[in-house]
Amino acid sequence: MSTIEQKALAYHRTGKAGKIAIEVTKSVSTQEDLALAYSPGVAAPCVEIQREPAKAYEYTAKGNLVGVITNGSAVLGLGNIGALAGKPVMEGKVVLFKKFAGIDAFDIEIDESDPDKLVDIIAALHPTFGGINLEDIKAPECFYIERKLRERLSIPVFHDDQHGTAIVVGAGMLNAIEMTGRDIATAKIVCSGAGAAAMACLELLVDLGAARENIFVCDSKGVLTTTRALDGEKAAWAQATSALTLSDVMDGADVFLGVSGPGVLSQADIQRMKPQPIVFTLANPEPELRPELVREVAPDAIIATGRSDYPNQINNALCFPYLFRAALDSGAYTINQEMKRACVVALADMARSDARFGKDYVVPGLLDPRLLTGVTPKIATAAWRSGVARKELVELEYAEDLNDLAESLI
């Protein structure tokens, strides 16, 4: 019997190598078609775009094109494997954009580790795209790169490893908090991991009502405390506590959020938590503690992982296609906090409205047919109301248009 690795290799090399191709969207069957598509006719839209740059969204594919860009410095659970080795993952991201939201995307792997040079390269590419999805770039450089690009560009720039993870965690967490009768403002949250995804998750949880003073963060050296020499994003989460280890801060915790690595959590740690604990072990492919081991000591726990073979999969694909779809269609020049929050609430509401809602269903499934039409309009509305969209989309009419798109993607 083939292993998953053998099946994956066969999948990627069967037929045309890779997972993506480019299609032509206009007729090119006659001499006149060719004259319109290229010389001399193509000069007409060029002149129009030079005169009015926004016309690029009307005459080119820019308005439905996203760049999926990496330098391969933090790929999945593989680490710094380099730009070329990260290409299959980027192609996979392109597939998800197309499958779930009808968005065309180019994967671009850049062999550059210097953050400033990477910013310059990506910024120089921006005329091609309606949005840029940064992927698998290591911390702390990813924070700097995203910030600098957002400052320089007037198209959405979104580091999915940070914000995509945070949005889906936020949706699942809101439902788990409600289901267990907790108040997010008083919940004690312990986070294992202090990288890009962890920092974004924590910031979004605070935005949703969690209290910063109730959040304890651990990295590979232990608890982030005010007695440690910390800088950048880590310093913002330092607590004045004598606790040194993850186990030390698990006493009385309501929530464990794992965005770190396998084996860092123990059953004894779970037993230190409050009854009906919320345990999000998101390290992939091997979680901080396997769900079945959590269940042995806490049968009533609400558990989420990053894996598809357990309930409550926290998967970025629940949000990034719909965020970019809404941003592109509304002409948003950024993806802001209001849009991210709207996505969180829409995903949480969708799970709650499902008959399966319960401890094993706190976020929608990846293939839920309601996602495109149910989540995207909420994000577009938030974009307009927060002043970052160039076009107002009427929610019900937009949902109907998206329903037509959804049918074409089946």
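Every heavy atom of this structure was used, including side-chain atoms; hydrogens, water molecules and symmetry mates were not.
Heavy atoms of other residues, nucleotides or ligands lying less than 6.0 angstrom from CD of E151 number more than 12. Open room surrounds CD on E32; 12 or fewer heavy atoms of other groups in view lie less than 6.0 Å from it. By the neighbour-count criterion of 12 heavy atoms within 6.0 Å, atom CG of D111 is sparsely surrounded, having that number or fewer from other residues, nucleotides or ligands. For K148, the NZ atom sits in a loose shell: 12 or fewer heavy atoms of surrounding residues, nucleotides or ligands are nearer than 6.0 Å.
Taken from SG in C201 to CG in L282, the straight-line distance is 7.0 Å, to the nearest 0.5 Å. Here the OG atom belonging to S308 is positioned 8.5 Å from the CG atom belonging to N284, to the nearest 0.5 angstrom. With rounding to the nearest 0.5 Å, the separation of CG in L323 from CD1 in I167 is 4.5 Å. The OG1 atom of T70 sits 7.5 Å away from atom CD of E109, with the distance rounded to the nearest 0.5 Å. For the atom pair I177 CD1 and I278 CD1, the distance stands at 4.0 Å (nearest 0.5 Å). The SG atom of C218 lies 4.5 Å from the CG atom of L246; values are rounded to the nearest 0.5 Å.
Side-chain atoms of R341 do not come within 3.5 Å of backbone N or O of L208 as any donor-acceptor pair. Counting only distance, with no hydrogens or angles, the side chain of K62 and the backbone of F129 share a donor-acceptor pair below 3.5 Å. Distance alone, capped at 3.5 Å, is enough to place a donor-acceptor pair between the E91 side chain and the K19 backbone. Judged purely by atom type and a 3.5 angstrom limit, Q239 uses its side chain to pair as donor or acceptor with the backbone of E213. Not one N or O on the side chain of N133 forms a donor-acceptor pair closer than 3.5 Å with the backbone of V68. Under the 3.5 Å distance criterion, the side-chain polar atoms of Q313 are matched with a main-chain donor or acceptor of G306. In terms of modelled atom types and a separation under 3.5 Å, the side chain of E52 and the main chain of A54 share no donor-acceptor contact. Side chain of K340 to backbone of I335: no donor-acceptor contact under 3.5 angstrom is found. Judged purely by atom type and a 3.5 angstrom limit, N175 uses its side chain to pair as donor or acceptor with the backbone of A348. With hydrogens and angles ignored, the 3.5 Å screen pairs a side-chain donor or acceptor of N312 with a backbone N or O of I303.
Sorted by first and then second residue, the pairs that involve residues 216-227 and meet side-chain hydrogen bond (donor to acceptor under 3.5 Å, both in side chains), not counting sequence neighbours, are D219-R228, D219-K234, T225-T227. The salt bridge (charged side-chain N to carboxylate O under 4.0 Å, His left out) contacts involving residues 115-129 comprise D120-R152, where partners must be two or more places apart or lie in separate chains. Sorted by first and then second residue, the ring-ring contact (aromatic ring centres under 6.0 Å, His included) pairs involving residues 87-127 (not counting sequence neighbours) are F97-F320, F97-F324. Listed by first and then second residue, the salt bridge (charged side-chain N to carboxylate O under 4.0 Å, His left out) pairs involving residues 175-197 are E178-R352, R182-D254 (not counting sequence neighbours). Sorted by first and then second residue, the pairs that involve residues 386-399 and meet salt bridge (charged side-chain N to carboxylate O under 4.0 Å, His left out), not counting sequence neighbours, are K378-E395.
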Chi angles and distances behind the salt bridge (Lys or Arg N to Asp or Glu O under 4.0 Å) call for R295, D360: CA-CA 12 Å; R295 285 258 182 262; D360 288 333; 3.2 Å; yes

Check against side-chain contact (heavy atoms from CB on, under 4.5 Å), T281 and F256: CA-CA 8 Å; T281 52; F256 172 81; 3.9 Å; yes

Chi angles and distances behind the side-chain contact (heavy atoms from CB on, under 4.5 Å) call for Y398, T381: CA-CA 10 Å; Y398 183 39; T381 297; over 6 Å; no

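With 3.5 Å as the limit, one finds a donor-acceptor pair spanning the side chains of S73 and N71. Judged purely by distance below 3.5 Å, without hydrogens or angles, the side chains of R325 and N64 pair a donor atom with an acceptor atom. Side-chain polar atoms of H163 and E146 form a donor-acceptor pair below 3.5 angstrom.
A salt bridge links K55 with E58: the distance from a Lys NZ or Arg NE/NH1/NH2 to an Asp or Glu carboxylate oxygen falls below 4.0 Å. At a threshold of 4.0 Å, the pair K93-D161 does not count as salt-bridged, since none of the basic side-chain nitrogens sits closer than that to a carboxylate oxygen.
At a threshold of 4.5 Å between non-hydrogen side-chain atoms, the residues R385 and E338 do not count as touching.
Results of the side-chain contact (heavy atoms from CB on, under 4.5 Å) test with V375 over T373, L371, L372 single out L371 as the only residue that passes.
Checked against side chain to side chain donor-acceptor pair (under 3.5 Å), K99 has no partners two or more places apart in sequence or in another chain.
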